[in-house]
Student: 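Just passing along the structure, written as structure tokens.
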Amino acid sequence: MRNIKLFDSGEHKFILLNESEPGEESGIRSNQYLIVHEDSGVLLDPGGFGVMPSVLTELLRYIKTEQICAIILSHQDPDIVGGLSTWLELTDAPVYVSNIWMRFLPHYGIASMAQFVGVPDAGKQCTIAPGFQLQLVPAHFLHSEGQINVYDPLAKILFTGDIGAAMLPVDREYEFVDDFAAHLPFIEGFHRRYMVCNKAARLWVEAVSKLDIEILAPQHGPIYRGQSVPDFLNWFKELKCGVDLMTHSGHFAMGNWNE
Amino acid sequence: MNSVKDTAAYPHHIEDLRIRLMNQLFSLLESQSRTRSFASSISTLVKRLHGKGLEEFERGLARIDDPLTVEMFRNAITDFRNLDLAFDKLVDERQRQWYKNGKYLKQVIDELTETTDYLASILVEKSLLERQSQVLENIILSHEKVSQWKEFVQEILAGFHKIFPFNFFFIAFAEEHGLSLYFYYMGEYKEEEKRQVRIQLGQKMLRQLNLPKDVLLDIEEYQIPGHLRTADLSDIRMLTVPVPDHAYGLDGLLGVAYASVNTLTAQERTIIRSLLSVMVMVVGSSKVLSRTLSELEYYSVHDPLTGIHNRRYFNEMLEYEVGRSSRHHHQFAVLLLDLDDFKEINDTYGHPLGDEVLKKIAESITSHLRKGDIATRMGGDEFAVILPETPPEGAKIAAESIRANLESLAFKSPNGKDFHVTTSVGIVSYPRDMQTVEDLMSGVDVALYQAKGLGKNEVCEFDAAAHLKQIMRDSRSVAEELRRALREERIQPYFQPIVDCKSGEIFAYESIARLLETDGRVTVAGQFIETIEKYGMGRELDRIMVRKVIEANRQIIHSQGKPKRLFINLSAQEIQGRGILGYAEELCAQLEVPPSSIVFEILERDAISDITHMGKFLTNLRKKGFAFALDDFGSGYNSFHYLRELRFEYVKIDGAFVRNILNSKIDRALVHNLSRLCQELDILTIGEFVESQEIFDLLKDMGINFGQGFHIGLPLNTL
């Protein structure tokens with residue numbers, strides 16, 4: 001599946017560039033997004049080493065490499081940052097990442113930190129180009145301690161990183177979540193085990209509920225739109241997960257969701 | 001690169017190439033970034049250990065007393081320091097190279113994207129072109145199809161759909177009281193879906209054609225069996241081709257649109273657009289031609305002025321009557337009427353009044369006939385009547401009654417005076433006088449001639465005894481005389497100029513055969529060509545003409561340095577014989593006349609009769625450099641397919657149409673459509689019978705390329 005325009009007003013677009021096939025990355029399927037505003041592009045979570053060629057091949061359909069104005073990393077995981085050093089060969093654009101992960105990045109083979117911009121815990125407003133602003137929204141401990149989300153007010157799309165991520169079985173594939181109840185089995189286990197605690201979830205839901213959101217775009221799996229957006233937020237807000245479920249060291253009360 | 005391309009914008013092979021090359025470039029990038037990071041840790045390590053070593057040397061030096069050893073160590077330290085500097089230079093240089101390589105790679109990646117964009121825009125897949133021709137091959141314009149144009153359009157769409165599947169097709173026409181939209185649904189759709197299509201796509205088409213959306217709409221819907229079904233009609237792509245300026249001759253056609261849920265590549269879009277343009281042509285032309293055709297059908301057997309039947313119909317009916325009467329042993333008669341001194345009426349009172357008189361005379365003749373008798377106007381002031389199942393006596397009574405009635409008919413001149421018109425009538429009876437169509441016609445001619453000789457306003461029967469021998473002798477002696485003329489090569493090409501309608505300059509000459517009589521008179525082709533063909537002498541005539549024309553061009557090259565373009569007529573016989581190929585080629589080689597200066601004219605009816613062989617024949621000759629013109633185009637109806645099969649460089653539009661374009665709407669539409677058709681097929685057009693400046697100007701406006709006729713230049717015996 002390639003190139004789904006989630007939003008397109010002509011001058012402003014929000015595109016799912018490349019949902020990498022599991023074969024390309026011998027891990028989990030991940031989504032890479034490109035936001036284009038006139039001649040400026042912002043790449044969200046460029047992906048691991050293996051997916052870079054196909055991501056860039058798709059990206060070049062919309063903009064040139066020199067028009068990449070920013071790269072935003074939702075967190076520090078290898079499926080997000082793995083290919084970064086090669087991206088830095090191509091672009092001088094700033095790379096946004098949580099302050100608390102800055103010091104770990106050199107371990108991905110990154111020689112110079114000159115291009116990196118740390119994002120404070122409370123998030124920040126980014127002006128990419130005139131008329132093109134993105135809001136970096138904190139999403140700590142969901143699952144990463146320093147996760148950030150990206151809100152695009154023109155497209156009304158919130159990029160949620162690992163929140164909302166689904167693990168679809170290999171034989172199932174759909175691009176959008178239109179029936180939340182049917183989708184639930186594919187997210188529940190992951191969220192219970194990987195999200196740190198209900199408090200983090202609840203605070204996040206309360207914060208993002210103030211935004212005008214039409215689409216939730218996670219880093220893995222199908223995209224939430226329409227009724228599935230509030231359905232997901234309501235479910236997540238009440239979810240007991242992570243430390244909430246810890247009974248004693250190494251044991252979780254996962255119910256049916258033991259992996 | 002601002003514009004966003006669709007996912008399927010690239011054809012597959014270019015997309016594959018792009019991805020493959022991108023992957024290779026990334027491998028380069030990745031290996032560069034890995035090497036760089038590896039090299040930088042190594043150099044950091046080297047620098048650190050090196051510095052540490054030097055320090056220890058310096059410290060050790062303080063403990064050595066031997067001045068010679070101190071000197072040696074000092075030299076070694078200096079060398080190491082220099083090595084250090086060289087190493088820094090190496091590291092700097094490598095950094096610089098890496099930076100440059102990175103920059104180049106980046107450029108290559110961007111340029112690769114631009115190149116694939118460019119390739120995708122110019123390369124057309126062979127299979128796509130093949131699909132295009134499949135669609136085009138299905139579009140065969142024929143008399144029957146054009147007259148049923150609505151069914152014809154559906155048939156074409158079904159063929160189009162098989163090769164480029166689509167969901168809907170739309171055609172918009174401007175009508176007197178608003179707009180007509182034709183909706184074609186490929187396959188079955190629910191009423192609700194159709195409603196959605198009507199509202200959304202109909203409006204979209206109006207928008208794309210720049211038409212007001214609140215206009216009065218008349219919708220016609222057609223369902224064409226097809227297989228393409230879709231769940232989501234909201235994501236329909238529409239390609240619209242508008243008709244630029246309500247082009248003349250397309251009968252109000254405003255545009256067509258193609259709507260499909262399938263994603264199309266840029267190339268497919270281009271090809272489909274070109275097919276849509278052909279559809280515009282076909283639909284518009286078919287619609288206008290179907291109307292013209294029904295008028296033409298009427299006028300093919302009727303005389304436009306008087307409304308009675310014409311010569312063609314007469315010929316057909318005479319032939320029919322001969323066959324029928326011979327089977328049933330009936331008698332019948334033919335009357336031939338020629339008005340006496342009618343030319344004077346035209347000259348004195350003018351043509352309009354003359355025409356009125358002709359109309360009244362036609363009425364008068366028909367009013368005195370029985371049902372089943374056939375009255376026809378043969379042309380000018382000549383009328384003919386077939387009286388089936390009529391013995392000679394009855395024929396004579398009928399002829400006399402027609403003559404007497406005409407004599408009593410009074411006409412008013414513009415100055416209020418009465419005047420009368422009389423007629424001479426010849427009669428021939430079957431089977432008493434003659435038994436074949438040709439003989440009957442010659443016989444009735446003789447009888448009419450005799451009636452005139454008797455002092456006009458007379459009825460005269462054919463007198464076999466007096467004339468039969470004379471007729472036979474005449475016809476045979478003409479053939480004999482022609483044979484002799486050919487043997488003695490008393491055939492002279494005359495050259496009539498063909499001019500470029502735009503520049504007015506002479507473009508070529510048509511060579512026309514004339515016969516030099518022994519007494520020095522010159523006879524034009526029209527007077528002997530029929531006998532030539534009838535007695536099988538066409539091939540000889542063509543050979544003489546081909547040779548003399550090529551020789552004439554030799555002379556021109558000699559005197560003026562370069563050849564002129566000369567058209568030569570080929571007869572049906574010569575085309576069957578095909579011997580002309582070797583002959584013309586040999587002559588050209590021998591006389592050093594370039595074949596490209598020769599254009600052969602072939603009559604439409606001859607070309608049609610043997611299309612397969614004709615195709616090969618033309619191809620062979622074309623390889624030699626000769627070009628071809630299709631003569632008298634329009635006298636029958638053809639098809640795109642047919643014109644494609646037999647590629648002609650030129651088409652000569654039948655003079656019978658050209659001559660009338662100022663007065664006849666039908667002929668004007670016909671010539672204009674033929675011109676458009678030829679333009680579309682990249683064939684140059686020549687209008688014959690250009691008899692006035694007005695005709696010439698109108699031809700030029702219609703886009704006809706060249707003109708020929710008395711107004712432009714008479715045939716002359718020199719070039």
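These figures come from a predicted structure and were not determined experimentally. Chain letters run A, B, ... following the sequence lines, proteins first and then strands; every chain starts at 1.
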Student: Residue by residue, which of residues 92-101 of chain A have a heavy atom closer than 4.5 Å to a heavy atom belonging to chain B?
Tutor: none
Student: Under a 4.5 Å heavy-atom cutoff, which of A:Leu88, A:Ile110, A:Thr86 has the most pairs with chain B?
Tutor: A:Thr86
Student: Are any of the side-chain nitrogens in B:Arg195 or B:Glu192 under 4.0 Å away from the carboxylate oxygens of its partner?
Tutor: yes
Student: So that I know where these two stand, are B:Phe169 and B:Phe183 an aromatic pair - ring centroids less than 6.0 Å apart?
Tutor: no
Student: Is it true that A:Glu89 and B:Lys106 have a side-chain N and a carboxylate O under 4.0 angstrom from each other?
Tutor: no
Student: Just to verify, which of A:His12, A:Gln133, A:Glu11 counts as forming a side-chain hydrogen bond (donor to acceptor under 3.5 Å, both in side chains) with A:His37?
Tutor: A:His12
Student: Are the charged groups of B:Asp88 and B:Lys47 less than 4.0 angstrom apart, N to O?
Tutor: yes
Student: Need one label for B:Ser37: side chain, backbone, both or neither, based on atoms under 4.5 Å from any heavy atom in chain A.
Tutor: side chain
Student: Would one find more than 12 heavy atoms of other residues, nucleotides or ligands at under 6.0 Å from atom OH of B:Tyr118?
Tutor: no
Student: Look up atom CH2 in A:Trp87 and atom CD in A:Gln115, then write down how far apart they are to the nearest 0.5 Å.
Tutor: 13.0 Å
